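Working notes, beginning with the structure itself.
Being a predicted model, the structure only gives us computed values, none of them experimental.
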Amino acid sequence: MSMIGARILAWYKSNGRLMLPWRVVRNPYATLVSEFMLQQTQVDRVTPKFDAFMKAYPDIFALARAGRGDIIRQWVGLGYNSRAVRLHAVAQRITSDFAGRIPEDEATLRSLPGIGPYTARAIMAFGYNHTVCATDTNIARIIHRLFFGLEIPPKVKWATVDARAQELVPSGKAHDFNGALMDFGSTICTARKPACKGCPLAGDCIAAPIDHGLLQEARKDIAGKNKPRIPFEQSARFARGRIVDRLRALPAGSSISLLDLQADIEPVLHPVLRGDILGIVEALQDDGLIRVDDRKTVALV
DNA sequence: AAGCCGGGGAC
DNA sequence: GTCCCAGGCTT
């Protein structure tokens, strides 16, 4: 095992978040659920939702036969509701095509909806302890700093960083190693305020010690090139969220007329959004989140 | 490559 | 107010 691998595992043993619910349960199904929840969503937001979800759907079969609308209800507070739709589809595919056994090879995992390069490897590493690195933005940042220097601006391509990450995984210890890097990235080697002082890897790191002001300046240059964003309250995303929330509030199995939905939603929307409701409803339907029947009543799918 | 998909928290 | 987050899909 590499020196860095050993150091990071030692750090994890005493500083890692070993009690995260999906680490305690530690099986491929729990990994599948948690990884979908964790896509672009912080640990602290997922933690309280995970247990309730697992209680409602204890295994892949329970999830597969559940109503999609109920799953979307369970998803409240997590955002990116399409993930719930895809997770449900994955559960159905796995029960129908693989007898409920969650695949453990990258190609098969990647063929499932909502499972990309990161999530496939995360399931392999966390669910099956296969020797791969689930390189996410967090791990990529750490590897970049360690071997190529400060990541802003990027010195090498993502593929180069990822290749270096794969080499680093200690054989047979992928679960702990990946967890260690992620915990390390969220507490020590953070994006905004890396704590190089006291970092156990500082001696191995090209980027260390990172000057906070310098990092801030580098980041500002990137930000300057960012396109101006419209306020969240004026975005279609916001309206989508309000519509789905309104439908979540309906008793399971019931629906609301399109007109009533519009009347309920409009007051909480920014004026620029009020003419867009029908189009947004249609987009939600295309995404498989809601259903509009021939009598113009709306419900969660 | 760029835009879209949520929303809460850090700074 | 801006950026960040255990990304993935579509165009």
>> Rounded to whole Å, how long is the line connecting atom CZ of A:Arg192 with atom C1' of B:dC11?
In response: 5 Å

> Rounded to whole angstrom units, what separation is found between the CD1 atom of A:Ile123 and the C1' atom of C:dG7?
Replying inline: 13 Å

>> Is there a path of hydrophobic side-chain contacts, each under 4.5 Å between heavy atoms, that joins A:Leu63 and A:Met54?
In response: yes

>> What is the separation between atom CD on A:Gln234 and atom P on C:dG1, rounded to the nearest whole Å?
In response: 11 Å

> Among the nucleotides B:dG6, C:dA6, C:dG8, which one has an atom lying closest to any side-chain atom of A:Asn81?
Replying inline: B:dG6

> Rounded to whole angstrom units, what separation is found between the CG atom of A:Asn138 and the P atom of C:dC5?
Replying inline: 6 Å

> Contact class for A:Thr190 (heavy atom, under 4.0 Å): base, sugar-phosphate, or nothing?
Replying inline: nothing

>> Keeping A:Arg73 on the side-chain end and A:Arg248 on the backbone end, is there a donor-acceptor pair under 3.5 Å?
In response: yes

> Taking CG from A:Leu38 and C1' from B:dG6, how many angstroms apart are they, rounded to a whole number?
Replying inline: 15 Å

> Side chain of A:Lys193: nearest nucleotide among B:dG6, C:dA6, B:dC11?
Replying inline: B:dC11

> Any donor and acceptor pair, going by atom type alone, linking the side chain of A:Arg83 with main-chain N or O of A:Phe36 inside 3.5 Å?
Replying inline: yes

>> Check this one for me: any side-chain N or O of A:Gln42 less than 4.0 Å away from OP1 or OP2 of C:dC5?
In response: no

>> Applying a 4.0 Å non-hydrogen cut-off, can you work out what A:Leu78 is touching in the nucleic acid: base, sugar-phosphate, or nothing?
In response: base

> Nearest to the side chain of A:Asp245 - B:dG7, C:dG8, C:dA6?
Replying inline: B:dG7

> Do A:Tyr80 and B:dG6 share a donor-acceptor pair, side chain to base, under 3.5 Å?
Replying inline: yes

>> Is a donor from one side chain sitting under 3.5 angstrom from an acceptor on the other, for A:Gln74 and A:Asp70?
In response: no

>> Classify A:Arg23 by what it touches in the nucleic acid, base, sugar-phosphate, or nothing, heavy-atom distance under 4.0 Å.
In response: base

>> Below the 4.0 Å mark, does C:dA6 have OP1 or OP2 next to a side-chain nitrogen or oxygen of A:Asn178?
In response: no

> Whole-Å distance between B:dC4 P and A:Gln40 CD?
Replying inline: 15 Å

>> Would you say A:Arg240 places a side-chain N or O within less than 4.0 Å of OP1 or OP2 belonging to B:dG6?
In response: yes

> Does A:Thr119 have a side-chain nitrogen or oxygen under 4.0 Å from the phosphate oxygens OP1 or OP2 of C:dG7?
Replying inline: no

>> For the P atoms, the ones on B:dG8 and on C:dC9, what distance do you get once it is rounded to whole angstrom?
In response: 25 Å

>> Counting the atoms with a prime plus P, OP1 and OP2 as sugar-phosphate, which does A:Trp22 contact under 4.0 Å by heavy atoms, base, sugar-phosphate, or nothing?
In response: base

>> Using heavy-atom distances to pick each residue's nearest nucleotide on DNA chain C, tell me which of A:Gly114 and A:Leu20 is more 5'.
In response: A:Leu20

>> Here's a test of your reading of the structure: between A:Ile152 and A:Gly116, which maps to the more 5' nucleotide of DNA chain C?
In response: A:Ile152

>> Looking only at the side chain of A:Thr137 (C-beta and beyond, no hydrogens), which of the listed nucleotides C:dA6, B:dG7, C:dC5 gets closest?
In response: C:dC5

>> Starting the side chain at C-beta, find the nucleotide from C:dC9, B:dG7, C:dA6 nearest to A:Arg86.
In response: C:dC9

> Rounding to a whole Å, what distance do you find between A:Asp44:CG and C:dC5:P?
Replying inline: 14 Å

> Taking CG from A:Asp287 and P from C:dT11, how many angstroms apart are they, rounded to a whole number?
Replying inline: 11 Å

>> Please compare A:Gln216 and A:Arg248 by the position of their nearest nucleotide in DNA chain B and report the one closer to 5'.
In response: A:Arg248

> Per the side chain to side chain donor-acceptor pair (under 3.5 Å) rule, which among A:Arg121, A:Glu106, A:Glu104, A:His175 passes with A:His130?
Replying inline: A:Glu104

> Which heavy atom in A:Thr108 sits nearest to a heavy atom in A:Phe98, and how many Å separate them?
Replying inline: CG2-CZ, 3.5 Å

>> For a quick check of understanding: with a heavy-atom distance under 4.0 Å over all strands, which category does A:Thr41 fall into, base, sugar-phosphate or nothing?
In response: base

>> Can you see if the side chain of A:Arg242 gets near the phosphate of B:dG7 - specifically, an N or O under 4.0 Å from OP1 or OP2?
In response: yes

> Going only through I, L, V, M, F, W and Y residues with side-chain contacts under 4.5 Å, is there a path from A:Ile188 to A:Leu146?
Replying inline: yes

>> Taking the P atom in each of B:dG6 and C:dT11, what is the distance between them to the nearest angstrom?
In response: 16 Å

> Has A:Arg121 got a side-chain N or O lying under 4.0 Å from the OP1 or OP2 atom of C:dA6?
Replying inline: no

>> Any base atoms under 4.0 Å from A:Ala122, or only sugar-phosphate, or nothing? Heavy atoms, all strands.
In response: nothing

>> Roughly how many Å apart are B:dG9 and C:dG8, using the P atom of each and rounding to a whole number?
In response: 24 Å

